[in-house]
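What you see below is based on every heavy atom in this structure, not just the backbone, and it leaves out hydrogens, waters and symmetry mates. Quick caveat, the model's predicted, so the values are computed rather than measured. The chains referred to below are lettered A, B, ... by the order of the sequence lines, with proteins before strands, and numbering in each begins at 1.
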Number of protein chains: 2
Amino acid sequence: MANHKLDEIDRKILAELQADGRMTNVELAKRVGISAPPCLRRVRTLEEAGFIKGYHAVVDARKLDFEVEVFAMVGLQSQAEADLSRFEAKCRQWSLVRECHMLNGEVDFVLKCVAPDLSTFQSFLTGDLLSTPNVASVKTSLVIRCAKDAPGVPFDVLEARLAREA
Amino acid sequence: MANHKLDEIDRKILAELQADGRMTNVELAKRVGISAPPCLRRVRTLEEAGFIKGYHAVVDARKLDFEVEVFAMVGLQSQAEADLSRFEAKCRQWSLVRECHMLNGEVDFVLKCVAPDLSTFQSFLTGDLLSTPNVASVKTSLVIRCAKDAPGVPFDVLEARLAREA
DNA sequence: AGTGAAAGTACAGCTGA
DNA sequence: TCAGCTGTACTTTCACT
């Protein structure tokens with residue numbers, strides 16, 4: 001199920017909903033240049049085919065007193081598949097861990113974590129992360145500030161690619 | 001503008017909309033236990049106060065032929081504020097860079113990037129990122145797989161904290 | 001196009017400082 | 001008493017067939 005089934009209108013729909021996920025269907029239809037009913041059918045189809053995986057409100061963590069954001073680079077002792085999966089399952093349980101990506105290279109995982117304050121993060125780091133079996137090394141870096149946090153996919157790149165192919 | 005102005009209903013609204021940003025207002029109202037009009041008013045207030053920064057559809061990048069996701073750790077030669085800002089402005093222009101966070105420690109920035117394929121990323125890396133003045137070092141790691149990608153804020157942690165304070 | 005549901009508005013009542 | 005929030009009633013707009 002690749003790109004090929006999507007026409008220009010589908011891609012516009014995805015771009016618009018990525019930019020504003022709460023747009024009404026009539027507004028969306030107007031922007032992509034079709035009438036509302038077929039537009040809604042397309043959205044449903046895109047959802048069912050998995051092109052749209054969900055919709056989320058972006059909540060300001062700092063305003064909810066989550067002052068600390070941390071990237072943690074984790075190295076494991078064993079990279080056997082069972083051990084990797086076990087570590088990933090742990091990450092899914094830990095609420096403070098918001099993202100967990102397996103990497104190539106010297107580091108095995110990068111985690112994005114949030115916490116209300118440094119001491120909460122420290123107790124998670126020592127009490128949970130570092131005391132997990134098979135965790136060999138953890139290097140943490142505090143986020144000073146965030147310069148960019150764009151959602152998902154750069155549709156301008158996608159369109160440029162398609163234009164070049166055509 | 002802190003946490004203190006939010007009551008339990010507001011926090012429930014944020015948690016529900018973070019989980020499903022396209023929920024209808026009546027469904028939301030039912031879940032948080034009030035009627036629809038005051039619920040809508042609360043949502044508008046939360047939006048205007050900046051607790052809700054936006055709504056986005058989550059689009060499956062791989063299905064749109066963005067096969068490559070990369071974390072890039074960037075070190076700069078000069079960390080003067082003007083130079084930091086200049087680099088951040090560049091990142092905001094680069095479509096392939098989806099996130100740019102300034103860090104403490106040995107590395108200055110971590111970037112999350114996506115690209116259709118490795119060669120596209122490589123040409124961005126050498127043509128754009130590495131040829132930017134003031135960029136001293138870049139270490140890149142390909143994402144093998146993503147074990148967790150949770151949006152925003154862990155509301156269970158927030159509620160546990162508030163319960164402990166009370 | 002048409003029906004049924006949801007969004008949004010106006011107003012009146014309740015509750016706590 | 002007064003401010004703030006709630007719920008009911010109503011109109012407009014949207015979702016869906």
(request) Only pairs at least two apart or in different chains count here, so list each salt bridge (charged side-chain N to carboxylate O under 4.0 Å, His left out) that has a residue in residues 114-135 of chain A. (result) Asp117(A)-Arg161(B)
(request) Mind checking the CG-CG spacing from Leu158(B) to Leu14(B)? Nearest 0.5 Å is all I need. (result) 9.0 Å
(message) Please evaluate residues Glu88(B) and Lys148(A) with respect to the criterion salt bridge (charged side-chain N to carboxylate O under 4.0 Å, His left out), reporting the C-alpha separation (whole Å), side-chain torsions for both, the decisive distance (0.1 Å), and the verdict.
(response) CA-CA 8 Å; Glu88(B) 290 177 330; Lys148(A) 182 175 187 175; over 6 Å; no
(request) Identify the heavy atoms of Pro154(A) and Ser95(B) that sit nearest to each other, and give their distance. (result) CB-O, 3.5 Å
(request) Within residues 38-45 of chain B, find the residues that approach DNA chain D with a heavy atom at under 4.0 Å, and present them sorted by residue number. (result) Pro38(B), Arg41(B), Arg42(B)
(message) Can you measure Asp10(B) atom CG to dG4(D) atom P for me and round it to whole angstrom units?
(response) 15 Å
(message) Please give me every residue in residues 25-36 of chain B whose heavy atoms get under 4.0 Å of an atom in DNA chain C, ordered by residue number.
(response) Asn25(B), Val26(B)
What's touching nucleotides 14-17 of chain C from the protein side, N or O pairs under 3.5 Å?
none

(message) Could you check whether Tyr55(B) and Tyr55(A) have their ring centres less than 6.0 Å apart?
(response) no
(request) Whole angstrom is fine here: how far is it from CZ in Arg22(B) over to C1' in dA5(C)? (result) 16 Å
(message) Between the side chains of Glu48(B) and Arg44(B), is the shortest nitrogen-to-carboxylate-oxygen separation below 4.0 Å, so that they form an ion pair?
(response) no
(request) Using the salt bridge (charged side-chain N to carboxylate O under 4.0 Å, His left out) rule, collect all pairs that involve residues 97-113 of chain A, keeping only residues at least two apart or in two chains. (result) Glu99(A)-Lys112(A), Glu99(A)-Lys112(B), Glu106(A)-Lys139(B), Lys112(A)-Glu99(B)
(request) Considering non-hydrogen atoms only, spot the tightest contact between Val114(A) and Glu69(A) and give its length. (result) CG1-CG, 4.3 Å
(message) Please give the remaining members of the hydrophobic cluster of Val110(A), linking ILVMFWY side chains under 4.5 Å, ordered by chain and number.
(response) Phe71(A), Met73(A), Leu103(A), Val107(A), Val143(A), Phe71(B), Met73(B), Leu103(B), Val107(B), Val110(B), Val143(B)
(request) Report the distance from atom CE of Met23(B) to atom P of dA7(C), rounded to the nearest whole Å. (result) 11 Å
(message) Regarding Arg92(B) and Asp149(A), does a basic nitrogen lie under 4.0 Å from an acidic carboxylate oxygen?
(response) no
(request) Select one nucleotide: of dT8(D), dC14(D), dT6(D), the one nearest the side-chain heavy atoms of Thr24(A). (result) dC14(D)
